[in-house]
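Structure first, commentary second.
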There are 2 protein chains.
Amino acid sequence: MGKHQNTVGSSTYEKIKHDIIFGQLVPGSKLKLELIKRQYEASVSTLRETLNRLASEGFVLAEEQRGFYVTEVSQKDLIEIAKLRVLLECHALKASVESGDDDWEGNLVAAHHKLQLMEKKMIAGDVSEKETWKRYDWEFHLAVIEACNSKNLLDLHSILYDKYLRYQMLVFTFRGYEAAQEHHKIFEAALSRNGTEAARLLEAHIINGLEHTLAAM
Amino acid sequence: MGKHQNTVGSSTYEKIKHDIIFGQLVPGSKLKLELIKRQYEASVSTLRETLNRLASEGFVLAEEQRGFYVTEVSQKDLIEIAKLRVLLECHALKASVESGDDDWEGNLVAAHHKLQLMEKKMIAGDVSEKETWKRYDWEFHLAVIEACNSKNLLDLHSILYDKYLRYQMLVFTFRGYEAAQEHHKIFEAALSRNGTEAARLLEAHIINGLEHTLAAM
DNA sequence: GACTGCAATATTATATGATATTTTCGCTTT
DNA sequence: AAAGCGAAAATATCATATAATATTGCAGTC
């Protein structure tokens, strides 16, 4: 197993990021060092490292001499993020579909299969594994574009996905059946190497999610 | 009284980022805390904050328990960055040209004018103000896309521009006359609200720069 | 004699609590 | 009200202690 032993820094990073994405830390709230020090059991300096990292990814706002705040949310911001995700993810998809090898196909089939199983459970009413479901969603979307051959693109996409996810978690209302169908169609188009069609479907998938979230905000 | 009342943190951030982009800190070299502590006159904690920020932007590689390194360069990485810059900057340009108002136009004219003056000097042989020239280049490219109406997009673009710039500085060979002409054409197309044409010219501009840099690597 | 494995040592990164600055906020004075 | 003045709170920075990694030296083996 590739379990790397965690430093205090990296584990508080994971925790705080998770708490921002999943709404435990509410948008706009101030992250007072003395307070979160207790909550996350780390020293001020370690926390500051973490918060600086999160700030340059955009999850935290760092105001010089004035402290740290959980980044605000807004409809405008969500729209920007969704549009960027469309731009980057569709671009990556087309490149990936063109150059993906057998490994890529195998991985994609596996990711789609796992996601599908979980979606069936969710549609049947079992919402107990929300976080696992979201992880499978992520793994599927990643598997589709993973062969795009650009680490820089994948890195940018990963952050955008998390920002988008934060909005989805914020308003959490289920769009399971439609989303599952869309995933399936994207999967089929990608596997049959129809990049243009897959990109069209992916764009619709993201925009549908956007509208669903906007409506619930 | 110091000239600038910045925090130690933000000024070391600026300095180290600058030294990476302009090649004073060589790609792949290790950033030993104790050593750079003297060089940048800051404490370990402050340095670690800075290096963590730079790591999440991609200028520094942070290896758990093993320290910090200046990010390596490679032709593959440069190609990825150039392609992403094309994708994002052209997209932003089209949006900007569509929705730019009189303020945007005024700013663009000013930025283009300043850049043009500096380019004339450079072409005439005066390379003393290399950094000012690059700043004007940045201000021009920013002015073109600034009305794209997406803070998220502008933020991503800013980092990509800096990464691209690093490669240009690495091999510094002058492409002044051609680049100046390309800038001028982009400017004209943008001002006459021909987004498609301006994007085409911008793409060519970036790809020409890429090939020029690749050839010199 | 070169190579491997292992322990002792040196070096480096990580984490912390203490100190110095800066901002915030309530109180007073005009 | 508005401006000025501290005291209290929060942030920024530092020096140092702790934990991990890298290096060195040495015995035992082929």
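In the text below, chain A, chain B and the rest are named by the order of the sequence lines, each starting its count at 1.
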Tell me the interatomic distance from B:Lys37, atom NZ, to D:dA15, atom C1', rounded to whole angstroms.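 In whole Å, D:dA15 C1' and B:Lys37 NZ are 7 Å from each other.
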Can you list the residues that meet the side-chain hydrogen bond (donor to acceptor under 3.5 Å, both in side chains) rule with A:Glu72, with sequence neighbours excluded?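 Not a single residue meets the side-chain hydrogen bond (donor to acceptor under 3.5 Å, both in side chains) criterion with A:Glu72.
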Honestly, is A:Arg166 close enough over A:Phe59, meaning NZ or CZ under 6.0 Å from the six-membered ring centre and within 45° of the axis?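 No, cation not above the ring by the 6.0 Å, 45° rule.
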So, B:His183 versus B:His205, ring centres under 6.0 angstrom or not?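 So the answer is yes for these two rings.
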Pairing residues for A:Asp19 by the salt bridge (charged side-chain N to carboxylate O under 4.0 Å, His left out) criterion, not counting sequence neighbours: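 A:Asp19 satisfies salt bridge (charged side-chain N to carboxylate O under 4.0 Å, His left out) with no residue once adjacent residues are dropped.
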Residues, nucleotides or ligands: over 12 heavy atoms within 6.0 Å of A:Lys76 NZ: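 Yes, NZ of A:Lys76 has more than 12 neighbouring heavy atoms, counting only those of other groups under 6.0 Å.
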Could you run down nucleotides 9-15 of chain C 5' to 3' and tag each one B, S or - for protein heavy-atom contact under 4.0 Å? ---SSBS
